[in-house]
Each structure stands twice: as C-alpha cells, then as structure tokens.
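Down below is the structure, laid out as structure tokens.
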Amino acid sequence: MAEQVRALLHEQHIPEPKAWRFAQVPGEGVWGFSLPFFPIAAAEVRAKGLKMPVPQRAQELAQAAAERVRDLPGVQRVEAVRGYLNIYVDPHAYGRQVVDTVLAQGPNFGRAPRRGQRLMVEFSQPNTHKAFHVGHLRNVILGEAVCRILDAAGYEVVRANYLGDIGWHVIKWLWNYLTYHQGEEPPTEDKTTWISQLYIEANRRLKENPDLEPQVRALFHRWEARDPELLALWEKTRQWSIEGFEEIYRLLDVHFDRVYYESEMEEPGKALVEELIRRGIARDLRPNGPVIVPLDELLGLDKETYRTYVVLRSDGTSLYATKDLPLAIQKFREYPDLVQSIYVIDVRQSLYMKQIFKTLELMGYEWADRLYHLAYELVLLPANLIQEVQEVDLEAEAPAEAEGKPQAKAASSREGAVLLDQLFQEAHRRARAIVDEKNPSLPAATKDRVAWQVALGALKYSMLARENTRFFVFNWQQALDFNGNASPTIQYAHVRCASLLRKAGGAPEASVTPQHELHPAEVALISQLAAFPGVVLRAAAEYKPLHITNAAFALARAFNDFYDRCPVLAAEDPQVRDFRLRLVAATKQTLANALHLLGIEAPEVM
RNA sequence: GCCCCAGUAGCUCAACGGACAGAGCAGCGGCCUUCUAAGCCGUCGGUUGCAGGUUCGAAUCCUGCCUGGGGCACCA
C-alpha cells in the first residue's frame, strides 16, 4: 500500500514526504496513512522564494497529492487536512489482514526475524552472603524484560550474572558464622533472609564492639593465604546464598545462561594491572599510592572527562575496578561474536563504566565500542519506610535530612529492610484478598495461583512502566495498586478474552472478512494490534520496556472499550460474531505476548 | 569547580521534531435482571521550571539561568 502510494507520487513528480505514519488519524474512528507535507513545502518556499506561508503551501501539495492517490486500489477515502494527506484504507480488508496475521503467528506475533546476531546482557549481580531486597529487584526485572525484548527483536541473547562472592562483606559474614553460629544450617526455604540476618548481625556486633575488628582482619588474611578450611566453608556458604537467589529467580521466572564469579577475576585482574603498568597505560604509585590509569592525561584532554581510574589499592589488594577488566575480556573470549555486551547497572556507576570502557579501548580491544552501560535509577524508600529500615540498618549512617525536606532514602545494599520475601508475601496477601472479593467462586488453589500472578505482575509492571533513569519511589500502595495503569488491568483484559472464547468454544479457524460497518472501538482495537510489532522493535532499540507497558495498557484499554460497546457472543449477525471472536482471540494473543515480554503471566481466570 | 539525570494536571507518570500535550490515581456525576464492574462513560483539572535561540512547526533540539538528585583517586 505504502509502496503503491510512493510509486504514484513519484510518477506524478510529487515529492514524497519523509515521515510515513501508519496510524489512526486523530479524531477519526478509522485508520490510514498520515503524511505531513510541511518539510517539502518548507524546502520549496525556501528554494523558490515563494511569498507564501508554509502551512498553506503544504495544504496545496497535500491536495494535489490527494487527487492523484484517490483512485488507487485499496484506498477508501483521501483527504487533505491542514497540510496532512490522510489516506484511509479499506477497513474491512485491513481488519481481516491484521487479525489473520496475529492468529497465524500466534506466540510469534511481534517477534522479528532472527538476525543471526548475539548479544550479552549482564544483570542482577547480587552479592552473596547478603540480602536481596527491593533495591535489587528493579535490576533483575529490568534486565530480564530487556532480554526478552531483545530476543523478540531477533537477537540471540546470552543472559549473564556476576556474583559478588568475595570481599569484606563475605569475610564479615564468615567471621560471624564461625564465631557465633558454627555448624548452623539455613532453613530449606527463604535462605536469603537467614543469610541476610547473619550479615546484619555481623555489622551490629562490629558496631557495638569495634574491638572485634582485628578478628575480622585476621580472617581476611586467612582468606588471602587460601586457608583450605576457610575456603571450604566459603564455598559451602556461598552455595547457600546461590540457592537462595535461585529461589527468587525461580519465583520471578528469571534464568541465566552464564554465571561469572568475582572471586575468579581477582588473579587475572592483578595480572592485567601488571600488563597495564608495563605498557605505560597505568601508573604505579605504590606503596604511597594506588595504581591508576590517568585517562584524561593519556587522552590529552584538558577538560575533566574520564578523570582517573584507580585499578589497584596501594597495598596491592584488588578493587571492583581490578576485576571488571578481566570480566569484560572473558566475555568476548567466550563469545567473540557479541555485537553488544550490555551491563545493567545503577546510573551512579556511569563514570566508572566509562572508565572501564575507555581503558579497554586504550588496551586495543577492538570490541571496546560494543560495551554498553544500560543505566537505571535506584529504588527509593519513602519516609514512612525509613523508620522501619533503620531498625535493621545498623551499618548505614544516620540520615541528616533537614526537617520538611521530602525524605526518601536509597534502598542501598547495606540496608536489610523490605526484603523480597516480605514484599512478595505482602503482595500475595493483598492480591489474594482481592481475588476472594472479586471472584469468590474460584477454587482455593486457583485463587492462590491467580494471586501470585497478579501480585508479581503488579510489582514487575510498576517497576517497568517508567523511564529506566527515573527514580522509583517504593510504596506499598502504589506498587500494589491493582487498578488503572497497572498489570492487573491488562491481565484482566486477557481474562475477559479467555472467558469469551471459552463460552464460544474458541474462535473460528477460517479467516473472516467483516462485512458490517466497523465500530470505532473495533477500529481502535485493530490499530493497537497492528502497532505491536513496531513497538517491540522500538523498545529493543532503546532498551525500554516502558514502550511495551504503554502499548499493553493501550491495548487493554482499547479492548475494554470494545468489550463494553460491541457484543460478541450476543452479536446477531453470525458473521459479525465470527469476526469479533477472531478479533478477541487476536487480542488475547497480543496481550499475552506483550505480558510475556515483561515477564508477567497472563491468567485465564481471575 | 567539572560532569550526568530530572523538572509536564493536586499526586504518580506518558507523549518517534508534527494535528487539540495524554493516561492513571485522587475529587465529583453516571453505568451491573444482558459476554467477569480488577471494567466503561462523563466531568474537573496545564503559560510543559525561567529566559532566549534554531525551525514552517519545540515538552522534545541548542545556549544561559533556577530548583532538586547523583557522580567525581584507593567504597561497592
């Protein structure tokens, strides 16, 4: 269709507008192409020196084009309005085509052809021997959604995790365990909470009694000396942590293809630092200073840009910075064909990430320009939760906020509060209460399952339905708001579709061309379906699940509107009924596909 | 001091340089003997932080400023 119009315009020597939009024309209940003629008009006025307002010339051009396009096959109506050429296509043929496409492609609707390109997404990156809390949740949910979206956009995605399995926090935990909990085992369920309690306890003991610190330092030396007994305990307890994480990942429906360990990067990292020094990229200031990569100096930049990258402590012990270099290299060694290596990491690490990338570039790795930092903002805790946090937050410093200032505090890794288990249980409790209220006749087991689908969906959706780089202020009410622009609205639309299809015994398999005059609600719904594949590509290109949540919500709203206005089962004309049933089936499929990209389940009943 | 991000309805947020800046929540008023009311409709609500600039056209791009948050050598 677009091709035909394009060819015709070309034939008639009418310049072709640059921006092609296939969309509903504002205010109209039908759809078509919308072409603005302003750029051409502007160019013309400039070139020929016409004394004429651009909008007027645009309108003239649009009108001229309209005359030519009018008789094309498939074109139902053409109009030139305020400089736009609107070409309306035959809604019956188009409606059938959209519905047929969705139903033919099924779960693949919205999925692009395979590109034969692989990329890696590193996300989650929890520390072992520590809590996993709401602050970590956004990372996991975002990372997983981005992976699913990239996969749908045709990439082969390698999901990578990077476990912080060593460092002072681990040593502190081990010290507390050895000294006060020798021989204890975690519970079979919710290991993470147990582990995190021991960590909080370790911090409390050390804060209350700083004299104990030499014990911890002594333990660190035993670690450095690779004391076999300590190593064995470390491995065992680390495994508990990992099992705890797996519980959470299972619940969130997240998996990883490759797990890297921080502890494995320590030796290679130190070796790399030596190489950097040898090659004159790094400067060794030991023992009076650290090993640094003076990036701005090396690049001859007068203005502070990359600043100075510290790669090794003055005492020779390693930093995160030491280990991130070999990690990046290891990834490309294993997967040389990666077209991109994405790091889902807190926006505060932006400068640090740039330093890593630049250093790798200076080292001559040709893939350095394929590294990408996907930044996201923190989850904040509002004032009413801070109190709760502080009760268990014995490591963080007391907040010194002024009176009257909006109080929000980052849910940083030091804080134990709002653990995931607590959050999930509360979410489930609330969702279950609503299921009981809305649909009391469901069997208890079904109610329970639906409550999980709704609860997790609401949490995931609330974190994805905003710009990655905007703060997410956590509060129970909003995170678990089941109305409006939230996942239950979308799930509910899916349930309504399922219900209609159940009652009808499924949708007709054969293609149906609607003969009736389509209701504006039907047109709007079909438009939403047609837009979905484009939205997926855009979400992938920008790494923004937000586009998917917006599209899913718009689709759910369009469906609810349709549901309210257009009888399906009760339609008098069997052909209308058949077409609408197929439309319902297509909507159900697209809603399910969209929810899947967000990692959210689509219930059959709720 | 340098750098990054944000500032849009009372609140939380959308909006590919394009048509009248849209949703949800909260408020008010309607719609369930009829396909699940977790829904739908109506209504109220805006000088898109300020001032310039570019453009036929700016919430969007550029410059400056204001406000808030964050980052800047051995934390992770």
Side-chain angles (χ1 to χ4, degrees), chain A residues 19 21 25-27 34 36 38-39 41-43 45-46 53-58 81-84 86 125 127 164 167-169 262 285-286 289-292 294 303-315 317 319-321 346-352 354 375 377-378 380 405-406 408 410 412-414 431 434-435 437-439 454 462 465-467 469-471 473 475 477-478 481-486 488-493 495-496 498-500 502-504 534 538 542 546-547 549-550 553-554 556-557 559-561 563-571 580 584 605-606:
Chain A
R21 295 215 306 178
V25 177
S34 174
F38 296 103
V45 168
R46 245 193 315 273
V54 169
Q56 193 185 329
R57 181 62 191 149
V81 178
R82 300 157 82 175
Y84 288 84
N86 295 328
Q125 309 115 329
N127 285 325
W168 279 103
H169 70 278
E262 194 182 336
L285 305 177
R286 286 174 297 176
V291 179
I292 60 168
K303 202 167 173 181
E304 290 184 349
T305 307
Y306 297 99
R307 299 167 192 270
T308 301
Y309 180 39
V310 178
V311 286
L312 198 68
R313 285 201 189 91
S314 48
D315 65 1
T317 56
L319 297 156
Y320 248 29
D346 171 7
V347 69
R348 286 154 207 242
Q349 312 288 336
S350 294
L351 174 60
Y352 173 64
K354 278 187 200 157
E377 259 298 357
L378 295 185
L380 296 180
K405 257 179 134 182
S412 84
S413 61
R414 290 179 167 182
I434 292 174
V435 176
E437 178 201 326
K438 303 282 186 188
N439 205 343
V454 169
S462 65
R466 65 194 63 234
E467 283 285 351
T469 50
R470 287 182 87 125
F471 283 104
V473 178
N475 85 50
Q477 205 181 341
Q478 208 182 310
D481 187 358
F482 298 149
N483 298 315
N485 187 358
T489 302
I490 299 160
Q491 291 174 315
Y492 182 64
V495 165
R496 280 177 145 182
S499 175
L500 285 174
R502 257 197 315 276
K503 292 202 164 144
R538 191 178 162 210
E542 299 176 17
L546 168 65
H547 294 312
T549 61
N550 282 347
F553 183 59
R557 270 181 59 82
F559 174 76
N560 281 328
D561 190 34
Y563 183 89
D564 213 58
R565 295 161 192 277
C566 305
V568 178
L569 302 177
R580 287 185 176 163
V584 169
V605 292
M606 66 188 270

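In what follows, chains carry the letters A, B, and so on, assigned in the order in which the sequence lines appear, proteins first and then strands, with residues in each chain numbered from 1.
Nucleotides B/C72 and B/G57, compared at atom C1', are 40 Å apart to the nearest Å. Look at the C1' atom in both B/U48 and B/A9: the space between them is 10 Å, to the nearest Å. When the C1' atom is used for both B/C35 and B/C40, the distance is 14 Å, rounded to whole Å. Here the separation of B/U63 from B/C4, taken at their P atoms, is 10 Å to the nearest Å. Look at the P atom in both B/U60 and B/U54: the space between them is 15 Å, to the nearest Å. Rounded to a whole angstrom, the distance from the P atom of B/U67 to that of B/C44 is 37 Å. Nucleotides B/U8 and B/C13 have their C1' atoms positioned 10 Å apart, rounded to a whole Å. The separation of B/A73 from B/C62, taken at their P atoms, amounts to 28 Å, rounded to a whole angstrom.
Side-chain proximity of A/Leu319 to B/A76, B/G24, B/A38: nearest is B/A76. Nearest nucleotide to the A/Asn485 side chain, out of B/G24, B/C41, B/G69: B/G24. Considering only the side chain of A/Arg307, B/C2 comes nearest among B/C56, B/C2, B/C40. For A/Leu546, the listed nucleotide lying nearest its side chain is B/A15; candidates were B/C5, B/C41, B/A15. Nearest nucleotide to the A/Leu500 side chain, out of B/G70, B/C35, B/C74: B/C35. Side-chain atoms of A/Tyr563 lie closest to B/C35 of the nucleotides B/C35, B/A73, B/C41. Comparing atom distances between the A/Leu285 side chain and each of B/A14, B/A73, B/A38 picks out B/A73 as nearest. Of the candidates B/U8, B/C35, B/C41, B/C41 carries the atom nearest the A/Asp561 side chain, counting heavy atoms from C-beta on. Looking at the side chain of A/Asn560, the nearest of the listed nucleotides B/G69, B/C74, B/G39 is B/G39.
Side-chain N/O atoms of A/Arg82 include one lying less than 4.0 angstrom from OP1 or OP2 on B/C20. Phosphate contact (OP1/OP2 of B/G39, side-chain N/O of A/Thr489, threshold under 4.0 Å): present. Phosphate contact (OP1/OP2 of B/G7, side-chain N/O of A/Arg470, threshold under 4.0 Å): present. Side-chain N/O atoms of A/Arg313 include one lying less than 4.0 angstrom from OP1 or OP2 on B/A76. Taking only side-chain nitrogens and oxygens, A/Asn483 never comes nearer than 4.0 Å to OP1 or OP2 of B/C25. Side-chain nitrogen and oxygen atoms of A/Lys303 include at least one within less than 4.0 Å of the OP1 or OP2 phosphate oxygen of B/C3.
With rounding to whole Å, A/Met606 atom CE is found 5 Å from B/A38 atom C1'.
At the heavy-atom level, A/Arg466 lies under 4.0 Å from the strands shown only through sugar-phosphate atoms. Nucleic acid contact class of A/Glu437 (heavy atoms, under 4.0 Å, all strands): none. Residue contacts shown for A/Asn439 include a base, since a base heavy atom lies under 4.0 Å away. No contact: A/Val45 has no heavy atom under 4.0 Å from any strand. In this structure, A/Val605 reaches the bases: a heavy-atom distance under 4.0 Å links it to at least one base atom across the strands shown. No engagement by A/Ser350 is indicated, since no non-hydrogen atom pair under 4.0 Å with the nucleic acid exists. When heavy atoms are screened at a 4.0 angstrom cut-off, A/Arg557 is found touching the sugar-phosphate backbone but no base atom.
When both distances must be under 3.5 Å, the Watson-Crick or G-U wobble mate of B/U8 does not exist. In a base pair of the Watson-Crick type (N1 to N3 plus N6-O4 or O6-N4) or a G-U wobble (N1-O2 and O6-N3), with each distance short of 3.5 Å, B/C13 is matched with B/G22. Pair check for B/U43 finds B/G27; Watson-Crick or G-U wobble, both atom distances under 3.5 Å. B/G57 makes up no base pair with any nucleotide shown, lacking Watson-Crick or G-U wobble contacts both under 3.5 Å. In a base pair of the Watson-Crick type (N1 to N3 plus N6-O4 or O6-N4) or a G-U wobble (N1-O2 and O6-N3), with each distance short of 3.5 Å, B/U63 is matched with B/A51. Using the Watson-Crick or G-U wobble rule with both distances under 3.5 Å, B/C72 pairs with B/G1.
With values rounded to the nearest 0.5 angstrom, A/Phe38 atom CZ is found 8.5 Å from A/Arg82 atom CZ. A/Thr305 contributes atom OG1, which lies 10.0 Å from atom CG of A/Leu351 (distance to the nearest 0.5 angstrom). One finds the CD atom of A/Gln125 at 8.0 Å from the OH atom of A/Tyr320 (value rounded to the nearest 0.5 Å). With values rounded to the nearest 0.5 angstrom, A/Leu312 atom CG is found 12.0 Å from A/Ile292 atom CD1. Rounded to the nearest 0.5 Å, atoms CD (A/Gln491) and CE (A/Met606) are 5.5 Å apart.
Closest non-hydrogen pair, A/Thr489 versus A/Asn483, comes out as OG1-C, 4.0 Å.
Using a 4.5 Å cut-off on side-chain heavy atoms (C-beta onward), A/Leu500 and A/Arg580 make no contact.
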Report task. Take A/Phe471 and A/Arg466, measure what side-chain contact (heavy atoms from CB on, under 4.5 Å) needs, and give me the verdict at the end. Result -> CA-CA 9 Å; A/Phe471 283 104; A/Arg466 65 194 63 234; over 6 Å; no
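Both A/Gly289 and A/Val568 lie close to RNA chain B; mapped to their nearest nucleotides by heavy-atom distance, the more 5′-ward contact belongs to A/Val568. Heavy-atom nearest nucleotides on RNA chain B were determined for A/Val347 and for A/Glu542, and the one closer to the 5' end corresponds to A/Val347.
Glycosidic conformation at B/C32 (O4'-C1'-N9-C4 for purines, O4'-C1'-N1-C2 for pyrimidines): syn, within 90° of 0.
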